[in-house]
Every structure is written in C-alpha cells, then in structure tokens.
Number of protein chains: 2
Amino acid sequence: MAGRARQATENAAQADTDKAIKTRSKKVSRNPQRTHATILEAATEEFAAHGFGGARVDAIAARAQTNKRMLYHYFGDKEGLYLAVLEATYATIRNAEKQLDLARRHPEEGMRELALFTWRHFLAHPEFLSLLATENLHHAHYLQRSDKVSAMHSHLIDELADVLRRGEALGIFRPAVDPISVYLTIAALGFFYLSNRHTLSTIFARKLTAPDALNDWGEHIVAVTLASIRA
Amino acid sequence: MAGRARQATENAAQADTDKAIKTRSKKVSRNPQRTHATILEAATEEFAAHGFGGARVDAIAARAQTNKRMLYHYFGDKEGLYLAVLEATYATIRNAEKQLDLARRHPEEGMRELALFTWRHFLAHPEFLSLLATENLHHAHYLQRSDKVSAMHSHLIDELADVLRRGEALGIFRPAVDPISVYLTIAALGFFYLSNRHTLSTIFARKLTAPDALNDWGEHIVAVTLASIRA
DNA sequence: GCATGATATAACTATTTGGTTACAAGTTGG
DNA sequence: CCAACTTGTAACCAAATAGTTATATCATGC
C-alpha cells in the first residue's frame with residue numbers, strides 16, 4: 001500500500017517533468033477525502049474501544065497513519081471528532097434500516113424479520129453498541145448537540161407500527177400494542193446480551209459468543225417478542 | 001490576594017515564635033475507616049460519571065475532601081481504586097439479593113417479585129449500571145482480575161431455578177426453561193431502558209424517566225417475562 | 001508555468017495527569 | 001511521657017495530552 005503510493009508519486013513527478021499535467025493523476029500522497037474518511041474510521045475504533053475520556057488523539061492520528069494536524073484541520077477538536085463519529089455511526093444504522101420492507105409480509109413473519117434484523121445489526125456493528133454506552137455515560141450530551149439527529153427516530157418504528165396494526169386486524173396480536181415498547185424490548189434483549197457479554201460470561205461461566213449461542217439468542221428474541229404481543 | 005496570604009503566613013510565624021502551640025486544633029482528627037469509605041464513595045461517583053479513562057484522581061481526592069496521598073495509600077493506584085469500587089458495588093448488589101426469599105410463593109407471584117426486585121434494584125443503583133457499561137467497554141478486564149468475583153454468580157439464579165421448577169410442576173410454566181436465559185431477559189429489559197435512557201429519549205421524544213413511565217416499564221418486564229415462559 | 005490555496009509533516013508548548021516525596025501531626029504501646 | 005507507627009498535607013515531578021506553529025509540498029485555476 002505504502003509502496004504503491006510511493007510509486008504513484010514517482011510516476012506523477014515523472015509526468016510533471018515530461019509535460020504539463022492535464023491528466024488528473026488519480027492517487028498521490030494527497031487525498032483529502034480518503035484522509036478524512038480514514039481519520040473518522042480510526043476515531044470510531046478508538047472511541048469505541050476506550051470511551052471519550054480514554055480515547056487518545058495521538059492514537060487516532062497514528063491509527064489513521066496521519067497526523068494530529070489533519071485531524072484538527074478536518075474536525076476542529078476532540079469533541080468535534082467524537083460528534084462526527086457519532087453521526088456517521090447513526091447514519092450507517094439508518095441506511096441499513098432502509099433495506100427493510102415488511103409491508104407485504106405476514107405480521108408474524110414480519111415481526112420475526114424485524115427482530116432478527118435488529119439483532120444481526122447489533123452483531124455486525126459492535127462499535128455502535130460501545131459508542132451508545134459511552135454516549136449514555138455522558139447523558140447523551142454530544143448527541144443532543146447534533147442537529148442531524150432530530151429526524152433520526154428510527155424508520156423501524158413506522159414499519160413496526162404497520163406490522164402491529166395488521167396483526168391486530170388479523171386477530172393474532174393484542175390490540176393497542178405500543179410500537180415503541182416493542183422496539184425497546186427487541187433492542188434491549190439484543191443490546192444487553194452483546195454489550196454486557198464480558199461481565200456476564202465472567203460471572204456465569206458460559207460462552208455467550210459461540211456461534212450457536214448467538215443464533216439461539218436471536219431466536220430467543222423472536223420468541224419473547226412474539227409471546228409478549230400475541231393475542 | 002497574594003499579599004494577604006503572605007501577611008497571614010507572617011502572623012502565623014509570629015505566633016509560633018511567641019509560644020509553643022499546645023492549643024490542639026480541635027477536629028483535624030484522624031479517622032482511617034471514614035477516610036477509606038469516603039474515598040471509595042467519591043471514586044464510585046467519579047468512575048460512574050466519567051468512565052475509567054475520564055475519571056480524574058485529583059477529582060476523586062477533592063470530592064472526598066482528602067488528598068491524593070491517602071488515596072494511593074489505601075488503594076495503591078488508579079486501577080486498584082477502580083477495582084475496589086467494582087467489588088464494593090457488586091457486594092452491595094449481592095447483599096441486596098439476600099433479601100429475596102421466594103421459596104414459598106406461588107411461582108407466578110415469585111416471578112413477578114423477582115423481576116420487580118431486579119428492576120427496582122437497577123433504579124436504586126444507577127452507578128451500578130454505569131460501572132457495568134464502563135467495565136464492559138474494557139472487556140471486563142478488571143473484573144476478571146478480581147478474585148472475589150468468582151463466587152459472585154447471582155443468588156438470583158438459584159431462586160429463579162426453584163421458582164421455574166415449581167411452576168413447571170404445576171403445569172403453568174413451560175418445561176425445561178433455562179433460568180439464565182430468563183434472568184438475562186429480565187436484566188436486559190431493565191438495564192437497557194435505564195442505561196440508554198438518554199439517547200433513547202433524545203431519539204424518541206418521550207419522557208422515559210417520568211414516575212409513571214418507570215412504573216409501567218416495571219410491569220412491562222413482568223408481563224414479557226411471564227408471557228415468555230408460560231405453558 | 002506560476003501564484004494561490006488546500007493538504008500534509010513534525011517539532012513545539014502549555015497544561016493536565018497519575019504518581020511520589022518530604023515532612024507534620026495524631027495515635028498508641030510500653 | 002516518649003518512641004514508633006499511622007494518618008494526613010502540600011509541594012513536587014516526569015510523562016502524557018490536547019492543541020498550535022512553522023514550514024513544506026501538492027494541485028490547479030488563470
């Protein structure tokens with residue numbers, strides 16, 4: 001990677017001396033977008049791993065193979081960087097949620113899909129869980145400061161409300177079930193299991209993260225959720 | 001200001017030379033146990049509020065109205081203090097659990113008691129939730145180091161297993177329900193709701209911590225738990 | 001082609017932080 | 001009552017930390 005970049009630089013220099021460059025030399029040592037993205041990625045890992053107070057700006061710069069100056073250039077300060085990480089992470093989640101289209105499924109199947117989607121999502125994005133925990137430690141201080149998060153209430157809720165409505169019409173779900181409570185239930189079961197897996201498996205001597213155990217817990221979430229809303 | 005301080009110092013020096021000080025300044029009294037306890041309490045607040053990396057040793061000393069020296073004297077270093085906080089907090093929980101005696105209750109009532117106990121416990125000890133979140137961020141690194149925690153698996157589990165067994169015998173609970181899964185379910189519903197209340201109420205515009213809302217969620221935990229194990 | 005602004009590097013600084021030391025004063029056993 | 005030990009205070013220190021400055025280099029519009 002570094003070797004390739006160096007070679008590209010040499011090639012570009014060669015081109016410079018040969019003739020005026022109209023040819024936009026693609027990759028060179030300089031690449032603002034990539035630098036920006038790399039810093040954000042490194043910061044996500046660092047903040048997720050150590051929390052806000054434990055994260056080190058130098059470590060982020062090193063992890064991104066860049067320099068503190070760039071980090072401050074793009075994000076202002078440590079708090080600005082943290083906020084950018086938070087917003088980017090939420091944006092990822094929100095995007096993923098758009099894959100869901102439960103409108104035509106049978107309600108019971110829809111609930112299952114919804115619960116498993118959330119569960120798999122948490123599984124695939126452990127950094128999201130860590131950042132959430134950190135942000136709550138700070139009473140959502142930074143999240144509240146974000147103007148992008150106001151319209152961020154999950155698309156899941158709308159899908160969920162629809163599924164519940166249809167299930168109620170079919171007489172298989174209880175009437176007047178609160179969608180937010182159902183969402184909280186699904187999220188709680190997934191979040192707690194994963195977020196607290198380290199202390200939990202220290203206290204109970206049980207391998208919570210074995211593939212089978214993870215699969216079983218996904219089914220457990222589905223079963224509990226359905227049992228709690230069934231007519 | 002500096003001038004005034006200097007003058008005061010000179011006055012004190014004057015007094016010193018005038019006569020030997022017999023006057024025992026009243027209550028600078030020493031009290032090792034109290035100091036120890038106060039430091040632990042202050043440290044619990046600080047670590048719960050800012051996480052391990054964000055906690056400041058100076059802040060703890062100040063909060064305890066003592067001195068860093070004492071803190072290092074009693075607890076060795078920052079990590080030692082953190083571990084002591086963790087152990088003390090777990091000990092509190094474990095003690096509280098001993099209040100439970102569900103052996104003679106009707107299983108359904110027993111489950112209700114158990115779930116509400118856990119919920120109320122979390123409500124009464126927000127610092128426990130914060131410390132758990134922090135400790136999981138660190139992959140339970142410090143908790144694993146503790147020799148006191150090995151035998152710390154919850155007394156709740158035994159009580160719970162008994163209740164489930166009796167419920168199964170009466171034919172009201174499903175057979176072969178796993179007690180740990182049930183406990184995780186109860187804990188998850190309580191933990192997530194409280195631990196993430198700040199981000200949740202930022203995203204959904206809902207007052208999660210209103211007294212009524214808290215009470216309702218307690219009943220929700222009971223209802224979901226029972227629905228998930230009923231025959 | 002070259003002036004200009006954007007992108008990069010590394011060395012630097014002021015402050016904070018965890019941890020220590022010198023020493024004072026209370027406590028206790030003989 | 002006094003020597004030895006415990007409990008306390010404050011000043012101190014080296015390392016780490018967030019943030020800055022000086023300066024170089026690339027890209028590109030003119």
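We name chains A, B, ... by the order of the sequence lines, and we start the count at 1 in each one.
- Atom CD in A:Gln33 sits about 15 Å away from atom P in C:dA6, given to the nearest Å.
- Looking only at side-chain heavy atoms (C-beta outward), A:Phe192 and B:Thr185 stay at 4.5 Å or farther from each other.
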Would you tabulate the nitrogen or oxygen pairs shorter than 3.5 Å linking the protein to nucleotides 16-19 of chain C?
residue : atom : partner : partner atom : Å
C:dT17  : OP1  : B:Arg56 : NE           : 2.8
C:dG18  : OP1  : B:Ala55 : O            : 3.1
C:dG18  : OP1  : B:Arg56 : NH1          : 3.3
C:dG18  : OP1  : B:Lys78 : NZ           : 3.1
C:dG18  : OP2  : B:Val57 : N            : 3.0
C:dG18  : N7   : B:Lys68 : NZ           : 3.3
C:dG19  : OP2  : B:Tyr72 : OH           : 2.9
C:dG19  : OP2  : B:Lys78 : N            : 3.0
C:dG19  : N7   : B:Lys68 : NZ           : 3.0
C:dG19  : O6   : B:Lys68 : NZ           : 2.4

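- With rounding to whole Å, B:His36 atom NE2 is found 12 Å from D:dG8 atom P.
- Pairs engaging residues 122-136 of chain B under the salt bridge (charged side-chain N to carboxylate O under 4.0 Å, His left out) rule: none recorded [sequence neighbours left out].
- The heavy-atom pair separating A:Leu208 from A:Leu214 by the smallest distance is O-CD2, 3.7 Å.
- The base of C:dA10 sits within donor-acceptor range of the side chain of A:Asn67, with an N or O pair under 3.5 Å.
- The separation between A:Tyr74 atom OH and D:dA18 atom C1' is 20 Å, rounded to whole Å.
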side-chain contact (heavy atoms from CB on, under 4.5 Å), that's the test. Do B:Phe75 and B:Tyr82 meet it? Break it down for me. CA-CA 9 Å; B:Phe75 300 98; B:Tyr82 175 77; over 6 Å; no

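- Taking side-chain N and O atoms only, B:Thr66 has no distance below 4.0 Å to OP1 or OP2 of D:dG8.
- Across D:dT7, C:dA8, D:dA10, the shortest atom-to-atom separation from the side chain of B:Met70 is found for D:dT7.
- Nearest-nucleotide positions on DNA chain C for A:His73 and B:Arg69 put A:His73 closer to the 5' end.
- Considering only side-chain N and O atoms, A:Thr35 lies nowhere under 4.0 angstrom from the phosphate OP1 or OP2 of C:dT7.
- When rounded to the nearest whole Å, the span between CZ of B:Phe75 and C1' of D:dT7 equals 14 Å.
- Annotation: side-chain hydrogen bond (donor to acceptor under 3.5 Å, both in side chains) contacts of A:Ser181 (sequence neighbours excluded): A:Asp178.
- In this structure, the side chains of B:Phe47 and B:Thr134 stay at 4.5 Å or more apart for every pair of heavy atoms.
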